[in-house]
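Comments concern the structure below.
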Amino acid sequence: MSNPRAAQNTQTTTTGAETASPSPNLTGDPRAATYTTAPTAGGQQPTAAADPGPAGTATAPDLTTTTTDLGAAGDTDPTAGAGGEYYSPRDVDGDGDVDLIHTRIEGIDTITHIDEDGSITLVEQDTDGNGTYETGIAPTATGIRLAEDLDDDGTVDLATHLDPATGAPVRQDVIEDGRITDTRLDTTADGNPDVHLIDSNGDGRFDTALLATDLDGVTNDTLVDTNGDGTFDLRTADTDNDGTQESFDTATDGHLGSIEQFEALIPAEDHYHEQAGTYPAETPADPSAIDLA
């Protein structure tokens with residue numbers, strides 16, 4: 001499972017148990033921004049979203065609250081802003097509270113969106129300096145979600161969900177035309193995906209599950225729903241762990257299981273369930289590919 005740059009699916013997100021509402025588009029344009037220098041002493045500048053680093057080793061950014069005493073948008077420090085670096089807190093709705101902060105640090109433009117209670121709801125970055133914000137990071141009800149617009153077309157292509165405590169990737173989604181078409185999950189927290197779900201026919205719901213059940217990264221079982229009824233009717237298996245699927249089994253009675261057991265690994269409020277029309281009541285505690293095989 002790759003570990004992308006500080007990126008997150010663009011969405012309107014709040015902290016706590018509130019539901020996130022994903023959007024396929026990243027927002028913000030530095031060319032339309034205005035800059036001030038840093039606020040007076042006592043106001044501190046929050047750091048930009050950090051690269052999570054190698055899987056399982058990084059510490060996720062703190063997206064719960066902003067640093068205290070941000071200052072007002074008009075407060076300036078004459079000594080700040082050297083080297084093309086900017087810090088600009090904005091009260092965009094005129095209520096007296098800072099709503100977003102625009103910074104440029106080491107050439108990276110960042111927009112930090114702040115809720116009324118001071119919580120950071122979204123951080124967007126232009127990491128390649130081309131004038132568009134292609135990455136974003138935001139908290140979700142279950143962790144932290146990163147998104148990346150790989151081709152700068154304004155839509156998210158890759159979204160990675162991070163463990164809030166370790167920063168390790170636990171799930172990664174490939175997104176095409178606003179739909180999740182491919183998901184890899186690390187259910188054992190060993191740094192390697194062990195469940196790979198695919199929507200092969202583009203109907204919005206997964207129909208194929210590849211399982212690595214012995215923690216060696218090799219796919220041991222492949223389950224396929226060939227007729228779209230939600231149950232698997234084909235199973236192939238790698239019986240000698242050589243990387244080749246040697247045996248197969250077919251079924252019409254549902255004994256191979258259903259896609260629902262894997263969809264239940266995805267939080268109920270996730271965008272996938274909206275597109276697939278599935279809404280599981282709850283996610284099983286600590287499920288793994290081994291349990292589901």
Side-chain angles (χ1 to χ4, degrees), residues 1-4 55-56 142 150 157-163 168-268 270-293:
M1 185 180 296
S2 65
N3 198 1
T142 56
L150 301 176
D157 304 301
L158 186 68
T160 302
H161 301 253
L162 306 179
D163 183 297
V170 295
R171 174 179 148 212
Q172 191 167 78
D173 299 329
V174 174
I175 302 173
E176 299 178 5
D177 298 324
R179 284 188 169 189
I180 298 171
T181 61
D182 184 297
T183 290
R184 297 172 188 261
L185 303 104
D186 177 9
T187 64
T188 58
D190 67 347
N192 297 306
D194 44 74
V195 176
H196 183 188
L197 305 177
I198 302 171
D199 173 15
S200 64
N201 59 11
D203 67 353
R205 189 176 188 186
F206 295 131
D207 50 61
T208 303
L210 288 74
L211 310 178
T213 58
D214 55 9
L215 306 181
D216 64 356
V218 176
T219 298
N220 304 103
D221 296 283
T222 300
L223 299 167
V224 184
D225 172 16
T226 63
N227 59 10
D229 66 354
T231 61
F232 297 117
D233 39 63
L234 173 64
R235 174 180 179 265
T236 62
D238 178 5
T239 57
D240 57 7
N241 208 43
D242 66 349
T244 303
Q245 308 269 301
E246 297 94 5
S247 68
F248 72 93
D249 185 16
T250 59
T252 58
D253 58 3
H255 80 267
L256 294 179
S258 73
I259 197 66
E260 290 181 353
Q261 62 187 315
F262 299 102
E263 290 172 324
L265 297 171
I266 302 172
D270 189 89
H271 175 54
Y272 168 76
H273 296 287
E274 178 184 348
Q275 74 177 40
T278 57
Y279 298 92
E282 60 183 24
T283 301
D286 301 323
S288 69
I290 298 172
D291 299 329
L292 296 170

Next on the checklist: Working to the nearest 0.5 angstrom, can you tell me the gap between Asn192 CG and Thr187 OG1?
Outcome noted: 11.0 Å
Next on the checklist: Taking the side chain as everything from C-beta on, heavy atoms only, tell me whether Leu185 gets closer than 4.5 Å to Leu197.
Outcome noted: yes
Checklist entry - Roughly how far apart are Arg184 CZ and Thr160 OG1, rounded to 0.5 Å? => result 11.5 Å
Checklist entry - What's the spacing between Thr183 OG1 and Ile175 CD1 if we round to 0.5 Å? => result 8.5 Å
Item to check | Separation between CG of Leu158 and CD of Glu176, rounded to the nearest 0.5 Å | outcome: 11.5 Å
Item to check | Contacts of type side-chain contact (heavy atoms from CB on, under 4.5 Å), residue Ala189, not counting sequence neighbours | outcome: none
Checklist entry - Listed by chain and number, what are the side-chain hydrogen bond (donor to acceptor under 3.5 Å, both in side chains) partners of Arg179, not counting sequence neighbours? => result none
Checklist outcome for this item: Minimal heavy-atom distance between Asp240 and Glu246, with the atoms involved, is OD1-OE2, 2.6 Å
Item to check | Set of side-chain contact (heavy atoms from CB on, under 4.5 Å) partners for Asn201, sequence neighbours left out | outcome: Asp199, Asp203, Asp207
Item to check | Within residues 191-221 or reaching into it, pairs that qualify as ring-ring contact (aromatic ring centres under 6.0 Å, His included) - sequence neighbours excluded | outcome: Phe206-Tyr272
Item to check | For Thr213 against Asp221, the heavy-atom pair lying closest together | outcome: CG2-OD2, 4.1 Å
Checklist entry - Are any non-hydrogen side-chain atoms of Asp249 and His255 less than 4.5 angstrom apart? => result yes
Checklist entry - Less than 4.5 Å apart, any side-chain heavy atom of Asp225 and any of Asp233? => result yes
Checklist entry - Mind checking what makes side-chain contact (heavy atoms from CB on, under 4.5 Å) contact with Val218, not counting sequence neighbours? => result Asp216, Asp238, Asn241
Item to check | ring-ring contact (aromatic ring centres under 6.0 Å, His included) pairs, two or more places apart, involving residues 233-254 | outcome: none
Item to check | Residues forming a side-chain contact (heavy atoms from CB on, under 4.5 Å) with Glu260, sequence neighbours excluded | outcome: Arg205, Ser258, Glu263
Checklist entry - Below 4.5 Å, heavy atoms only, C-beta onward: do Leu211 and Asn220 meet side chain to side chain? => result no
Checklist entry - Can you name the closest pair of heavy atoms from Leu256 and Thr250 and give their distance? => result CD1-C, 4.5 Å
Checklist entry - Roughly how far, to the nearest 0.5 Å, is the CG atom of Leu234 from the CG atom of Asn227? => result 11.0 Å
Next on the checklist: Between Leu223 and Thr208, does the side chain to side chain contact (heavy atoms under 4.5 Å, CB included) criterion hold? Intermediate values first, please.
Outcome noted: CA-CA 6 Å; Leu223 299 167; Thr208 303; over 6 Å; no
Checklist entry - Ignoring hydrogens and geometry, is there a side-chain-to-backbone donor-acceptor pair from His273 to Ile266 under 3.5 Å? => result yes
Checklist outcome for this item: Sequence neighbours excluded, the answer for side-chain hydrogen bond (donor to acceptor under 3.5 Å, both in side chains) partners of Thr236 is Gln245
Item to check | Qualifying residues under side-chain hydrogen bond (donor to acceptor under 3.5 Å, both in side chains), relative to Thr244, sequence neighbours excluded | outcome: none
Item to check | Partner set under side-chain hydrogen bond (donor to acceptor under 3.5 Å, both in side chains) for Asp229, not counting sequence neighbours | outcome: Thr231
Item to check | salt bridge (charged side-chain N to carboxylate O under 4.0 Å, His left out) partner of Arg171, the single match among Asp270, Asp186, Asp182 | outcome: Asp270
